[in-house]
Amino acid sequence: MKRQKIANLLKTEKPIENILLKGWIRTKRDSKTFSFIEVNDGSCLKNIQIVVDEKTPDYSEIKKLTTGSALAVWGNLVPSQGGGQKWEVQATKMDIISVALETFPLQKKRHTDEYLRTIAHLRPRTNKYGAVFRIRSELCWAVHQFFRERGFRYIHSPLITGSDCEGAGELFRVTTLNPPIPMISNEKIDFSKDFFCAESNLTVSGQLSAEMFALSLGDVYTFGPTFRAENSNTSRHVAEFWMIEPEMAFCDLTGNMDLGETLIKYLITFAIDNCAEDLDLFARFVDKTLMKTLENIVSSDYVHLPYKDAIDILLGANESFEFEVAYGSDLQSEHERFLTEKHFKKPLIIYDYPKSIKPFYMRLNDDDETVAAMDILVPRIGELIGGSQREERLDVLEKRMVLSGLSKENYWWYLDSRRYGTVPHSGFGLGFERLLMLITGVSNIRDVIPFPRTPGNIDF
RNA sequence: UCCCCAGUAGCUCAGUCGGCAGAGCGAGUGGCUGUUAACCACUAAGUCCGCGGUUCGAGUCCGUGCUGGGGAGCCA
């Protein structure tokens, strides 16, 4: 007999005889001669109520079951006599698959996110975290669906990279060297003795790879893990996270901004349409304004604002900032929050940033002062997307690399793409966990990734 | 890495002026004929984060370290 998922059983329109379900006990209420057992199998947020009485074989054992124990239940799905649920299972037979020890840490009460983080291996068994990770899974599918519908190809960019610098960000070194470490001098490690015969690191971005494939397959995207060794201790940063990076040939900054806006709206709409039950938990218990926020992001046209206009608004604002606002300096978190949360009250795309504060690969504008960069800022999260039109002109790119202190030799293959049929192209990076924070209202990035990696934390 | 706050039972917290270590929930045991965070009764449960100091006496005051949270920087 095949087990049925609780999500499907609860969707039924009429009673079903002779079913088998399996799952874990979330809570149990006993009377003298019968018990109510609520079972969850992870297929949906809701539990199914099992009614079991003393006529069921081994009832005395069943009555002793603890929260967290695993069960197989045979019985009939019937309309519930109680008020809290439409259907319930009248059990005819029950197998105890395993009994959870009484030290099971998840109790029938609300736990703090901080405590649940210390038992990250068990937290997906709670309502809230089960919902987070079901939504995470659904949105992964939505990402692929979005790009596939638009003719994008999915590229697997390498996780181990030999590029000595892919832009900003501290790198995690990958090595098989063991002590005594071979040295060239007191300071310099002899990487020619290492696995790849060169210094290698975990990737901080798939962008350079994606550019090569955009210039071959047209429109491509990567979606995979990304690593940053920054000592960041905030609710918005983790050392290992998942990033979506589309890259489009024959596409300028405007097309890039449009794709970013369309993608965000698509993913939020997908969640509203396909994750309603789980999303409702967040709207009720995590952030009361969640649905309003999401509807605002889906229905509004995003503001397009050149960097210099953003500075003008900030300079004219009747608001005291901790950091000075000035042309040429980067926008601080407080400035971005002011613009998106207070001034415009909707998502905002800032573009044409000064070249001095952006990486070498961004396309230099005709003014020779700014680059074709764009950041999409959303209320509560701040920067959700960062991208640019790429510098396709060989001579300009080479000059900017030299100014950034990068060696042209190491990027020979990257520069080749500008030698052989170079074309305008654009792309961006979207932090998948930040998107999940936006959609669920969860305020700490550590709570939307299964086992978060942050400075000092590698457990699980 | 910097600034601010916190750490007391399994969990969430209270603990007054420096003077006997507390509650709710959870757990265990028993009771209860339809429960919904069930209900009723009883029981067990503590390195008061670590180290050092002040004091007759420290959960409480001082120093320091560790851990967690919020904010900042870096960014997605």
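- For B/C74, its base sits under 3.5 Å from the side chain of A/S232 at one donor and acceptor pair at least.
- A/H237 comes within 4.0 angstrom of a base, heavy atoms only.
- For A/E149, the CD atom counts as densely surrounded, since its 6.0 Å shell holds more than 12 non-hydrogen atoms of other residues, nucleotides or ligands.
- Residue A/L384 is in sugar-phosphate contact alone, with no base atom involved, counting any heavy-atom pair closer than 4.0 Å across all strands shown.
- Whole-Å rounding puts the A/F227 CZ to B/C75 C1' distance at 16 Å.
- Looking at A/K265 and A/E261, a side-chain N of the basic residue comes within less than 4.0 Å of a carboxylate O on the acidic one, giving a salt bridge.
- Taking the ring axis of A/F285 as reference, the NZ or CZ atom of A/R110 does not stay both within 45° of it and closer than 6.0 Å to the ring centre.
- Ion pairing between a basic and an acidic side chain is recognised when a charged N comes within 4.0 Å of a carboxylate O; A/R29 and A/E38 show such pairing.
- Ring orientation note: the planes of A/Y353 and A/Y307 are tilted relative to one another, at an angle of 30° to 60°.
- Between the C1' atoms of B/C62 and B/A14, the separation comes to 24 Å (whole Å).
- Taking the nucleotide of RNA chain B with the nearest heavy atom to each of A/G386 and A/N444, the more 5' of the two is matched to A/N444.
- For the pair A/R125 and A/Y129, the cation-pi test (distance below 6.0 Å, angle within 45°) is failed.
- Side-chain atoms of A/E114 lie closest to B/G68 of the nucleotides B/G71, B/G68, B/A76.
- Residue-level contact check: A/V238 touches the bases, meaning some heavy atom is under 4.0 Å from a base atom.
- By the criterion of a centre-to-centre distance under 5.5 Å and near-parallel planes under 30°, the ring of A/F432 forms no stack with the base of B/A76.
- B/G7 and B/G15: their P atoms are spaced 10 Å apart (whole Å).
- Salt bridge status for A/D447 with A/R117: present, with a side-chain N to carboxylate O gap under 4.0 Å.
- Screening A/V39, A/I97, A/L21 for a side chain to side chain contact (heavy atoms under 4.5 Å, CB included) involving A/L71 leaves a single residue, A/V39.
- Across the protein-nucleic acid pair, A/L116 atom CG and B/C11 atom P stand 11 Å apart, rounded to whole Å.
- Among the atoms of the strands shown, only primed sugar atoms or phosphate atoms (P, OP1, OP2) are found under 4.0 Å from some heavy atom of A/T112.
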Write out a two-atom table: protein N or O, nucleotide N or O from nucleotides 3-8 of chain B, distance below 3.5 Å.
none

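- Salt bridge annotation for A/K358-A/D375: present, with a cationic side-chain nitrogen under 4.0 angstrom from a carboxylate oxygen.
- In the region residues 119-134 of chain A, proximity to RNA chain B at under 4.0 angstrom, judged on heavy atoms, holds for none of the residues.
- Checked against salt bridge (Lys or Arg N to Asp or Glu O under 4.0 Å), A/R400 has no partners two or more places apart in sequence or in another chain.
- In this structure, the NZ atom of A/K358 is 10 Å from the P atom of B/C74, given to the nearest Å.
- Taking atom CD of residue A/E247 and atom P of nucleotide B/A76, one finds them 14 Å apart after rounding to whole Å.
- Closest non-hydrogen pair, A/S333 versus A/R236, comes out as OG-NH2, 4.0 Å.
- In this structure, A/Y115 atom OH and B/G69 atom P are separated by 15 Å, rounded to whole Å.
- Ion pairing of A/K128 with A/D113 is present here, as a side-chain N (NZ or NE/NH1/NH2) and a carboxylate O approach within less than 4.0 Å.
- Nucleic acid contact class of A/S235 (heavy atoms, under 4.0 Å, all strands): sugar-phosphate only.
- At the heavy-atom level, A/D53 lies nowhere under 4.0 Å from the strands shown.
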Tell me, for nucleotides 26-42 of chain B in 5' to 3' order, what letter each nucleotide earns: B for a base near a protein heavy atom under 4.0 Å, S for only sugar-phosphate near one, - for neither? SSS---BSBBB-B----
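- Protein atom CZ of A/R337 is 11 Å distant from nucleotide atom P of B/G73, rounded to whole Å.
- Per the geometry, NE2 belonging to A/H111 stands 6 Å off C1' belonging to B/C11, to the nearest Å.
- A gap of 11 Å separates the P atoms of B/U54 and B/A58, to the nearest Å.
- Side-chain nitrogen and oxygen atoms of A/N457 include at least one within less than 4.0 Å of the OP1 or OP2 phosphate oxygen of B/G68.
- As a whole-Å value, the separation of A/I357 CD1 from B/G73 P is 13 Å.
- To the nearest whole angstrom, the two C1' atoms, one in B/G28 and one in B/G19, are 35 Å apart.
- Screening residues 62-90 of chain A for salt bridge (charged side-chain N to carboxylate O under 4.0 Å, His left out), with sequence neighbours left out, gives A/E61-A/K64.
- Listed by chain and number, the residues in a side-chain contact (heavy atoms from CB on, under 4.5 Å) with A/P79 are A/P15, A/W87 (sequence neighbours excluded).
- Nearer to the 5' terminus of RNA chain B, by closest-nucleotide assignment, is the contact made by A/P455 (compared with the other of A/L331 and A/P455).
- Within the nucleic acid shown, A/R236 comes within 4.0 Å of at least one base atom, counting heavy atoms only.
- Among the protein residues, A/I385 comes within range of the sugar-phosphate backbone only, with heavy atoms under 4.0 Å from sugar or phosphate atoms but none that close to a base.
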